Amino acid sequence: MNQNSSFVVITGASRGIGAEYARTLASKGYDLLLIGRDLTRLETLRQELHQVTHGEIWIEPLDLSQPQAAHTLYDLARSYRSEVSLLINNAGFGQYGDFAETPLANIQNMLQLHINTIVESIRLFLPAMLARQQGAIITVASVAGFFPIPYMTEYAATKAFLIAFSEGLAQETQNQDVTIQVCCPGFTDTDFHQTAGHKPKHVLFAQSPQQVVQTSLQALKSKRTLVTIGWQGRLALWTSKLIPHKILMALAGKAVKPSSATQLK
């Protein structure tokens with residue numbers, strides 16, 4: 001990417017990994033459009049970033065779990081710049097508990113946000129990148145997408161979809177100078193799990209948002225598609241390939257299964 005003219009769109013930018021993408025790219029002088037639902041957090045982040053960059057920082061509150069959100073995102077981006085150099089699909093949320101007891105609205109919101117909005121956004125932003133033969137798209141998935149996980153069944157399945165979709169799309173565009181990356185963090189030290197209403201058991205070696213972002217952006221240089229973080233990510237990937245899914249699901253189910261007091265209502 002050419003830093004003198006680069007414009008980056010980051011979804012889910014108000015906290016966690018999304019905010020760290022913003023900090024890192026702002027420090028390198030990129031112009032940013034930050035998307036999130038929490039306008040107060042976005043404004044606080046913008047003020048922070050103005051201390052380290054002379055680049056433009058724009059913020060827009062937007063709920064990407066709503067129908068047509070991808071079109072709204074695309075129109076917002078084009079209202080600031082005609083060309084997007086990097087799209088980072090980071091927005092997402094977790095939910096834990098028995099699928100049959102999960103409110104249908106929560107299920108629909110996750111499908112819309114993790115699948116529909118991301119796929120539609122890529123379809124809208126990608127053609128211009130291909131026409132210019134320049135650009136990159138990062139979609140933040142998870143090591144949860146490497147195998148089925150009981151009690152976070154829908155979440156893991158949507159992340160598996162994003163991995164498969166990104167890998168297929170990368171193959172389609174491999175000779176067109178546009179990088180398609182799917183970044184798969186493991187357990188990361190953010191408020192993701194707390195917000196989802198889950199307290200992980202026996203968590204060791206949590207990754208930091210800084211580590212995730214640095215690995216992801218570094219991987220753009222080599223145009224890697226599937227990006228894991230550290231030895232933990234490599235271990236999760238190889239475990240998913242070498243150990244039968246039936247065994248993995250049993251172990252994951254024991255680790256993730258919520259108590260009756262914390263199941264979704």
Side-chain angles (χ1 to χ4, degrees), residues 1 6-50 52-53 55-94 108-129 135-142 158-159 162 165-166 180-183 185 188 190-192 195-196 209 212-213 216-217 220:
M1 295 183 294
S6 287
F7 175 45
V8 181
V9 177
I10 306 174
T11 70
S14 62
R15 64 181 71 193
I17 293 172
E20 193 57 37
Y21 272 115
R23 293 185 182 99
T24 300
L25 292 167
S27 70
K28 298 179 182 298
Y30 295 106
D31 295 337
L32 308 178
L33 171 59
L34 308 181
I35 304 294
R37 292 190 303 170
D38 191 327
L39 181 58
T40 300
R41 280 179 175 264
L42 287 174
E43 180 58 44
T44 299
L45 179 60
R46 176 165 64 176
Q47 293 176 11
E48 173 191 336
L49 298 182
H50 277 316
V52 299
T53 184
E56 297 284 358
I57 308 292
W58 295 289
I59 60 173
E60 290 285 353
L62 179 61
D63 183 354
L64 294 170
S65 68
Q66 299 303 306
Q68 302 300 314
H71 292 272
T72 303
L73 174 65
Y74 181 68
D75 291 341
L76 281 172
R78 287 178 60 83
S79 72
Y80 290 106
R81 290 286 173 81
S82 60
E83 296 183 357
V84 174
S85 301
L86 172 60
L87 169 65
I88 301 178
N89 295 308
N90 171 72
F93 67 96
Q108 292 169 324
N109 286 344
M110 180 172 284
L111 291 174
Q112 179 66 43
L113 176 57
H114 289 191
I115 296 179
N116 291 11
T117 296
I118 289 178
V119 171
E120 292 168 13
S121 296
I122 292 174
R123 175 58 182 83
L124 291 168
F125 284 97
L126 180 60
M129 294 181 181
I137 296 173
I138 297 173
T139 298
V140 178
S142 169
T158 61
K159 297 302 184 178
L162 291 175
F165 177 78
S166 298
I180 305 295
Q181 179 191 122
V182 58
C183 178
T188 307
T190 69
D191 62 1
F192 172 87
T195 301
V212 173
V213 169
S216 170
L217 295 178
L220 286 180

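Position 1 is the first residue of the sequence; numbering continues from there. On a predicted model such as this, the values are computed, not experimentally measured, just so you know. Scope of the values below: all heavy atoms of this structure, side chains included, with no hydrogens, waters or symmetry mates.
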*asked:* Go through it in stages, so that I can follow the logic: the residues are Val9 and Leu76, the test is side-chain contact (heavy atoms from CB on, under 4.5 Å), and I'd like the CA-CA distance, side-chain angles, deciding distance and then a yes or no.
replied: CA-CA 10 Å; Val9 177; Leu76 281 172; over 6 Å; no

Going by side-chain contact (heavy atoms from CB on, under 4.5 Å), name the residues that satisfy it together with [X], two or more places apart in sequence or in a different chain.
X: Ala70; value: Thr117, Glu120, Ser121, Leu124
X: Ala141; value: Lys159, Leu162, Ile163, Val182, Cys184
X: Leu111; value: Ile107, Ile115, Glu154, Thr158

Which atom names give the shortest non-hydrogen contact between [X] and [Y], and what distance separates them?
X: Leu87; Y: Phe125; result: CD2-CD1, 3.7 Å
X: Phe93; Y: Met110; result: O-CE, 3.1 Å
X: Leu62; Y: Ala69; result: CD2-O, 4.1 Å
X: Gln181; Y: Leu220; result: NE2-CD2, 3.5 Å
X: Ser85; Y: Ser6; result: OG-CA, 3.4 Å

Quick one: pull up [atom1] in [X] and [atom2] in [Y] and give me the separation to the nearest 0.5 Å.
X: Gln108; Y: Leu113; atom1: CD; atom2: CG; answer: 13.5 Å
X: Leu45; Y: Ile57; atom1: CG; atom2: CD1; answer: 8.0 Å
X: Ile122; Y: Ser166; atom1: CD1; atom2: OG; answer: 5.5 Å
X: Arg46; Y: Leu32; atom1: CZ; atom2: CG; answer: 11.5 Å
X: Arg78; Y: Leu73; atom1: CZ; atom2: CG; answer: 12.5 Å
X: Ile137; Y: Asn89; atom1: CD1; atom2: CG; answer: 7.0 Å

*Are any side-chain N or O atoms of Asp31 and backbone N or O atoms of Phe7, one a donor and one an acceptor, separated by less than 3.5 Å?*
no

*Do the side chain of Thr11 and the main chain of Asn90 share a donor and acceptor less than 3.5 angstrom apart?*
yes

*side-chain contact (heavy atoms from CB on, under 4.5 Å) between Glu60 and Trp58, worked out*: CA-CA 7 Å; Glu60 290 285 353; Trp58 295 289; 5.8 Å; no

*Do Arg123 and Tyr74 have side-chain heavy atoms sitting under 4.5 Å apart?*
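No, too far: nothing below the 4.5 Å cut-off.
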
*asked:* Applying side-chain contact (heavy atoms from CB on, under 4.5 Å) to Leu25 and Leu217, what does each step give before you reach the verdict?
replied: CA-CA 9 Å; Leu25 292 167; Leu217 295 178; 4.0 Å; yes

Kindly list each side-chain donor-acceptor pair under 3.5 angstrom involving residues 17-24, sequence neighbours excluded, with atom names and distances?
from: Glu20; atom 1: OE1; to: Arg23; atom 2: NH1; distance (Å): 3.4
from: Tyr21; atom 1: OH; to: Ser216; atom 2: OG; distance (Å): 2.7
from: Arg23; atom 1: NE; to: Glu48; atom 2: OE2; distance (Å): 2.7
from: Thr24; atom 1: OG1; to: Glu20; atom 2: O; distance (Å): 3.0

_Among residues at least two apart in sequence or on other chains, which ones pass side-chain hydrogen bond (donor to acceptor under 3.5 Å, both in side chains) with Asn116?_
Gln112

*asked:* Strictly by side chain to side chain donor-acceptor pair (under 3.5 Å), give each pair with a member in residues 63-73 just once, sequence neighbours left out.
replied: Asp63-Ser65, Asp63-Gln66

